[in-house]
Every structure is written in C-alpha cells, then in structure tokens.
Amino acid sequence: MPDRGHGLRPAGVSTDLPTGVPEVNRDGESGLIVPPADAPALAGAIGRLLADPALRRRLGQGGRRRAHEHYGAERMAAQVTDIYRAILAPFRP
C-alpha cells in the first residue's frame, strides 16, 4: 500500500511470531502486528491502513526511520565488526 503521493515507504502488517519479526516491525510505530493464524485480525489491520491515509503515512515514516536507525548499512557493519572482535579477542596476544 504505497503512499505514492508522498514518496514514503508503505506501512506493513506482520504477525506476532517469535522469529524476530516484532523486533523489526513495531506495532503502532512502524506497522501493525496481528496474532498468527487470525485472518479477521489481518483483514482488520489491512482495512485500517486502507481507510486511514494519515496512519499509513505515520507508520511508513516510522518504518523508514526505524530501518535507518537500526538496520542501516553503517550500523550493521559496526555490529558485524563487534561480533568478529568478540570472537577473536581470546586469540589476541
């Protein structure tokens, strides 16, 4: 559901699974989260986004901000570097 008139990323709907998805998509901040296997909740969340352009915009902006802050290339590279340093620390003189 891109909000093409504003150049923002679309808001998303995801399920509340213990796979890390709720960590990426925060309910009410960067998208909407519904219980797994709950078709009525999924339909309701999609309906909310379709009916509310301001909500789509706010969640789309939140998603873009969250992606940049937590999953941007610089941050991910720094985290990988930290992991390697921690792994290699015992082998350093």
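Model, not experiment: these values are computed from the prediction. Computation of the quantities below employed the complete heavy-atom set of this structure, encompassing side-chain atoms and omitting hydrogens, waters and symmetry-equivalent molecules. Along the sequence shown, the residues carry numbers beginning at 1.
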Quick check on Glu23: does its CD atom have over 12 non-hydrogen neighbours (other residues, nucleotides or ligands) under 6.0 Å away? yes

Determine the minimum heavy-atom distance between Val34 and Ala45, stating which atoms define it. CG1-CB, 3.7 Å

CZ-OG distance between Arg65 and Ser30, expressed to the nearest 0.5 angstrom: 9.0 Å

Arg58 side chain to Gly28 backbone, donor-acceptor under 3.5 Å: yes

With a cutoff of under 4.5 Å between side-chain heavy atoms, which Ile, Leu, Val, Met, Phe, Trp and Tyr residues group with Phe91? none

Please examine the side chains of Arg48 and Leu32, heavy atoms only from C-beta on, and report whether any two atoms are closer than 4.5 Å. yes

Could you report the tightest heavy-atom contact between Leu49 and Arg56, atom names first, then the distance? O-NH1, 2.6 Å

Keeping the roles fixed (side chain from Asp16, backbone from Pro35), state whether a donor-acceptor pair exists under 3.5 Å. no

Using a 4.5 Å cut-off between side-chain heavy atoms of Ile, Leu, Val, Met, Phe, Trp and Tyr, which other residues end up in the same hydrophobic cluster as Leu88? none

Which residues share a side-chain contact (heavy atoms from CB on, under 4.5 Å) with Leu17, sequence neighbours left out: Thr15, Thr19, Pro36

Going by salt bridge (charged side-chain N to carboxylate O under 4.0 Å, His left out), name the pairs with one or both residues in residues 31-44, residues two or more places apart or in two chains. none

In Å and rounded to the nearest 0.5 Å, what is the CG to CD1 distance from Asp82 to Ile87? 11.0 Å

Does His70 have any side-chain hydrogen bond (donor to acceptor under 3.5 Å, both in side chains) partners at least two apart in sequence or in another chain, and if so, which? Arg66

Report yes if some heavy atom in the side chain of Arg92 is under 4.5 Å from a heavy atom in the side chain of Arg85; otherwise report no. yes

Should side-chain heavy atoms under 4.5 Å link Ile, Leu, Val, Met, Phe, Trp and Tyr, which residues sit in the same cluster as Tyr71? Val24, Met76

According to a 4.5 Å side-chain heavy-atom criterion applied to Ile, Leu, Val, Met, Phe, Trp and Tyr, with indirect links allowed, do Val13 and Leu59 form part of one hydrophobic cluster? yes

